[in-house]
Amino acid sequence: MAEKIQRVRGTQDLFGDDIARFDHVVETFNRVRKLYGFRRVDTPIFEPTAVFARSLGETTDVVSKEMYSFEDRGGDSLTLRPEFTAGICRAYIQNGWQQHGVLKLAAHGPLFRYERPQKGRYRQFHQLDAEVIGAAEPAADVEVIALGAQLLSELGIADKVTLQLNTLGDAETRAAWREALVAHFTAHQDALSGESLERLAKNPLRILDSKAECDRPLVAAAPGIDAHMTSAAGAFFEGVQKGLQAAGVDFVRTTSLVRGFDYYRHTAFEFVTVHLGSQGTVIGGGRYDGLIETMGGPSTPAVGWAAGIERLGMLVAVATTDEIDVAVIPDAPAAESEALAIAARLRSQGVSVATAYRGNAKRRAELAAKDDVGAILFVRDTQDADQKLNFSGRKRDGKGKDRFQRVLSALHPTYDAMGGTYE
RNA sequence: GCGGUCGUAGCUCAAUUGGUUAGAGCGCCGGUUUGUGGUACCGGAGGUUGCGGGUUCAAUCCCCGUCGAUCGCCCCA
């Protein structure tokens, strides 16, 4: 045998229970987003590298180290999308979607990041995405967050997840707060962990969610954003909080919740769980009023979130596999073609049918049992109409009579008699 | 990128301080049995113990490397 080829590191082959969970999450998302009027959008899986490089800032580590970038045959630098937002913004700008006024968009699909895989973190992973583009009002933040909350609720995992909420203020607030943080941590830099010392130079806000024990007291003593908040930014955050309360969405103010990039303004939020180890964020989002302008578009306010499908899938109860209504089994080889005709008839009438390709009736009944079908319809090789069909309910779930009647009414009228058992 | 743990039939796992021919269940294939409510019987195939090197009379077991999985760190758009 030739050498085995294995899947690329950090990718997954989804099947069975895994893909059932995956589908359940996506289907639930599609149902819920329609309740909020979010329209589907689908943008390319790869884009010019500039789409992501420009949105993130050319020099950041994520751009240089964590993107799947390559040259195509024409020599252009392309990148497999590491996020939805930048591609959607590119589409918004390119297609002039301002014409639609406030746009509420939903997307889902694969994303790619070159990272060390761990639980709930893959190199090809999948997200749900929701964005409101063109609205500067707190009500937009409230609506996207409420959408996320209802999604979690309908997935049956709301009790496992907490909404953490914070504000990064407007540009003025953020700059003043950042300056105060740098001053504070610089004054105590000999007490900082080595990692936080690096953050102090590169990304001081990130010190706030440091996991190092020695940083705790310094973080606790760090200046909060509230003292530096402009009245406009304070009013905005107040509006978001009031709106969430009105919408019945519980949240916890989490002053350590920050974002790494400059285009983020005002609201930042994450739905987090303690059930998935260190990769506990299942939905993360915020307001990014500065992004579209940074990418060369008109100054456009926007807010949105993305959710990890794999992570949500790990939290949901096992979705039941697609149940088959009935297995049609010929009792003898001579009844095979009649069984096929009956199966075709039932399927055309909306009854799902399992058929086996080989084996005697006993064997096929065993296979049907293994596949968890709801009932078995035996087809006998006989001219006696009363003995032709035998229906046997298999499951004690109280739906036996219903299955029997569905099968009976879906059969061709020439089958006017059927023996057997059902509940 | 850094550190810990792990890697044995298709799957889940065994195998005495390093010791003979690496086992079981499930699954798969074949047969028997004759009909069906998650459970019958008999048999069979299937492994270079992730891969490569080293130590040893002898390695699934010890050492090094590598690939992969997993947990944490870094990062997190």
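Below, chains carry the letters A, B, ... as their sequence lines are ordered, and counting in each starts from 1.
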Take the protein atom [atom1] of [X] and the nucleotide atom [atom2] of [N], then report the distance between them rounded to whole Å.
| X | N | atom1 | atom2 | value |
| --- | --- | --- | --- | --- |
| A:Phe391 | B:G37 | CZ | P | 14 Å |
| A:Phe52 | B:C76 | CZ | P | 18 Å |
| A:Leu257 | B:C76 | CG | C1' | 12 Å |
| A:Met67 | B:C76 | CE | P | 14 Å |
| A:Arg113 | B:C75 | CZ | P | 15 Å |
| A:Lys211 | B:C75 | NZ | P | 9 Å |
| A:Asp209 | B:G72 | CG | C1' | 16 Å |
| A:Leu377 | B:U36 | CG | C1' | 12 Å |

What distance, rounded to whole Å, do you find between the two [atom1] atoms, one in [N] and one in [M]?
| N | M | atom1 | result |
| --- | --- | --- | --- |
| B:A14 | B:U60 | C1' | 12 Å |
| B:G7 | B:U49 | C1' | 9 Å |
| B:G10 | B:U16 | P | 22 Å |
| B:A24 | B:C63 | P | 30 Å |
| B:U39 | B:G27 | P | 9 Å |
| B:U5 | B:U66 | P | 16 Å |
| B:C42 | B:G4 | P | 50 Å |
| B:G25 | B:G46 | C1' | 15 Å |

Per [X] side chain, nearest of listed nucleotides [options]:
| X | options | value |
| --- | --- | --- |
| A:Asn390 | B:A77, B:C74, B:U36 | B:U36 |
| A:Lys119 | B:C71, B:C73, B:A77 | B:C71 |
| A:Phe261 | B:A77, B:U36, B:C75 | B:A77 |
| A:Gln118 | B:C73, B:C75, B:A77 | B:C73 |

Side-chain N or O of [X] closer than 4.0 Å to phosphate OP1/OP2 of [N]:
| X | N | answer |
| --- | --- | --- |
| A:Arg9 | B:A69 | yes |
| A:Lys65 | B:G1 | no |
| A:Asn203 | B:C75 | no |
| A:Ser278 | B:C73 | yes |
| A:Arg364 | B:U36 | no |

A:Asp215-A:Ser193 side chain donor-acceptor pair, cut-off 3.5 Å: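 There is such a pair (donor and acceptor under 3.5 Å, judged by atom type) between the side chains of A:Asp215 and A:Ser193.
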Parallel, tilted or perpendicular: ring planes of A:His188 versus A:His184, cut at 30 and 60 degrees: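 Taking A:His184 first and then A:His188, their aromatic rings sit tilted (interplane angle of 30° to 60°).
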Mind checking [X] for me? I need base, sugar-phosphate or nothing, with any heavy atom below 4.0 Å counting as a touch.
| X | value |
| --- | --- |
| A:Arg81 | nothing |
| A:Gly10 | sugar-phosphate |
| A:Tyr264 | sugar-phosphate |
| A:Gln6 | sugar-phosphate |

Over 12 non-hydrogen atoms of neighbours within 6.0 angstrom of CD in A:Glu179: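 Open: at most 12 neighbouring heavy atoms sit under 6.0 Å from CD of A:Glu179.
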Ring centres under 6.0 angstrom apart (A:His126, A:Phe22):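 Between A:His126 and A:Phe22, the centre distance is under 6.0 Å.
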Ion pair [X]/[Y], N-O distance below 4.0 Å:
| X | Y | answer |
| --- | --- | --- |
| A:Arg90 | A:Glu47 | yes |
| A:Arg21 | A:Asp18 | no |
| A:Glu336 | A:Arg364 | yes |

Residues that A:Asp325 engages under salt bridge (charged side-chain N to carboxylate O under 4.0 Å, His left out), provided they are two or more places apart: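 Only A:Arg406 meet the salt bridge (charged side-chain N to carboxylate O under 4.0 Å, His left out) criterion with A:Asp325.
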Gap between atom CG of A:Asn30 and atom CG of A:Asp23 - 0.5 Å precision: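 So the gap between those two atoms works out to 11.0 Å.
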Contact nearer the 5' end of RNA chain B, comparing A:Gln279 with A:Phe378: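 Closer to the 5' end of RNA chain B: A:Phe378.
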Base-paired stems in RNA chain B, each at least three Watson-Crick or G-U pairs under 3.5 Å: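 So the stems come out as B:1-7 with B:67-73, B:10-13 with B:23-26, B:28-32 with B:40-44, B:50-54 with B:62-66.
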No-H, no-angle donor-acceptor pair, A:Arg116 side chain to B:C76 base, under 3.5 Å: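 Absent.
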